[in-house]
Protein chains: 2
Amino acid sequence: MPKNTFFNLPEDKREKILDSAIDEFAKYSYHKASINRIVKKSGIAKGSFYQYFEDKKDLYKYIIDISTQKKLKYLTYVMNNLNRLNFFQIVRELYLAGIKFAKDNPKLSEIANNFVRDTDSNLKDEILESGIKKSNNLFKQLLTQGIDNGDIDPNIDIDLVAYVITSLSISISEYFIKEVKGEDEMEIMAFVDKMLYIIENGIKNKNKGN
Amino acid sequence: MPKNTFFNLPEDKREKILDSAIDEFAKYSYHKASINRIVKKSGIAKGSFYQYFEDKKDLYKYIIDISTQKKLKYLTYVMNNLNRLNFFQIVRELYLAGIKFAKDNPKLSEIANNFVRDTDSNLKDEILESGIKKSNNLFKQLLTQGIDNGDIDPNIDIDLVAYVITSLSISISEYFIKEVKGEDEMEIMAFVDKMLYIIENGIKNKNKGN
DNA sequence: ATATAATATGACTACAAAGTCACATGACCT
DNA sequence: AGGTCATGTGACTTTGTAGTCATATTATAT
């Protein structure tokens, strides 16, 4: 966590520092990102930076935190309706929220994705305790429920499917940002529905009349 | 490409340098990897390194190349039977080959995966010209054929599915190495078939009798 | 106005990186 | 043996990094 001095700063200055840092971490990986560039961009002295933050990791942690908090806000609807929605509806809402978050916060989203994909497990472990495994477990739970309800094919491998759905959630928001760039809500929903159609039904032609 | 001096080296020395470099790049990302560590591990002088390679990038390119060439060898069966196999059979063979490659060459596979996932697009562009887009295009072609044959549901979004199948190919080999660690051929095949079952049929329960 | 505490500063340290270069060693030919 | 050319070497340069610290500035309280 940043020091008190950082939170005592006037808002515009605090924002400028954060924006510069977010720019930097969106452009460069954690290790390549440079405090020197960040302080130059923010127009503060190097020494001041260390009045605000313990070290580089402290700042990075804080930004990952901001990203997580913001994304969670997009997910509240899903979280509040876990009982009322079935598995496919939940996945649909999660994907939708994920894309909306990425569209509204492209840099934060990129930082978070890079973080998840990063292979430096030491850094990861220090920053969050098995956060990904948590979301994986959520899917596993939902899948088990779905099988009990009869919604989901009992033949599937739950662990595998949970893993697939988790990694797809990153892929599809990246794909959407890169390739679709849809503007309105309808387009996003149409895209998510296409994705979900595949997860639900697969891609085999069931009407094949050979 | 390494300089001639490198290829003139006695094989054991050449191998030792390559092994050290592969170790290093498997452990660290391109930017974090250190030439100093590599030369120390290989037992050669720093100056010698630059007799063998133009620079760090030259070595990295070469290793990516080795990895690609080796993986391609695993894929020859698929490539030679593109006409005889249908879409699902091809994907099955591709996934199988991918996992086998990862199992036999865990470090090279990790380096290649990190490379694909890396966000440094400058570096990427310098090293290969749209190699991923190429494999993506292969899938797109196969999907179009599959739809024409009636194998594949014509309602799918080809670009999206091609993207998904490509990114899944990385995910599943990583998942297999991390979570399954199956020893024999049968286990790998069973795992791939489970994956393929999902892609073909989705995960919805079609026999639901609500 | 004066004293005290909080904040701002950039030159500085210590370190590690990639890449260079003058020179040393060794092989091979005449 | 002498000469030539390829290869080996590690101290060195340059550049960039994270983090420090003595000092200057500013705000606050008395």
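Numbered from 1 within each chain, the chains take letters A, B, ... in sequence-line order.
- In the model, A:Asp157 has no side-chain atom that pairs as donor or acceptor with a side-chain atom of B:Tyr197 under 3.5 Å.
- When side chains are defined from C-beta on, A:Lys100 counts as touching A:Glu185, because their heavy atoms get closer than 4.5 Å.
- Here B:Tyr50 reaches the OP1 or OP2 of C:dG19: one of its side-chain N or O atoms lies under 4.0 Å away.
- Of all non-hydrogen atoms in B:Ala97 and B:Tyr74, the two that sit nearest each other are CB-O, 3.4 Å.
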Protein-to-nucleotide contact annotation, 5' to 3' order, nucleotides 6-12 of chain C [B base; S sugar-phosphate only; - none; under 4.0 Å, heavy atom]: -SBBB--
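- Applying the ring pair (Phe, Tyr, Trp, His ring centres under 6.0 Å) test to B:Tyr30 and every residue at least two apart in sequence or in another chain returns B:Tyr60.
- Checked against the 6.0 Å centroid threshold, B:Phe191 and B:Tyr175 count as a close aromatic pair.
- Note that A:Arg37 lies in the cation-pi zone of A:Tyr28, set by a 6.0 Å cut-off to the ring centre and a 45° limit from the axis.
- Annotation: side chain to side chain donor-acceptor pair (under 3.5 Å) contacts of B:Asp19 (sequence neighbours excluded): none.
- Taking atom CG of B:Asp58 as the reference point, atom P of C:dG19 lies 10 Å away to the nearest angstrom.
- Of all nucleotides in DNA chain D having an atom under 4.0 Å from a heavy atom of chain A, the first and last in 5' to 3' order are D:dT17 to D:dC21.
- Applying the salt bridge (Lys or Arg N to Asp or Glu O under 4.0 Å) test to residues at least two apart or on different chains, the pairs with a partner in residues 49-64 of chain A are A:Lys57-A:Glu126.
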Anything under 3.5 Å between a protein N or O and an N or O of nucleotides 14-17 of chain C, put it in a table, one pair a line.
unit_1	atom_1	unit_2	atom_2	d
C:dA17	OP2	B:Asn36	ND2	3.1

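- For the pair A:Ile90/A:Phe139, no side-chain contact is recorded, criterion being any heavy-atom separation below 4.5 Å from C-beta on.
- Using a 4.5 Å heavy-atom cutoff, the side chains of B:Ser67 and B:Ile63 are not in contact.
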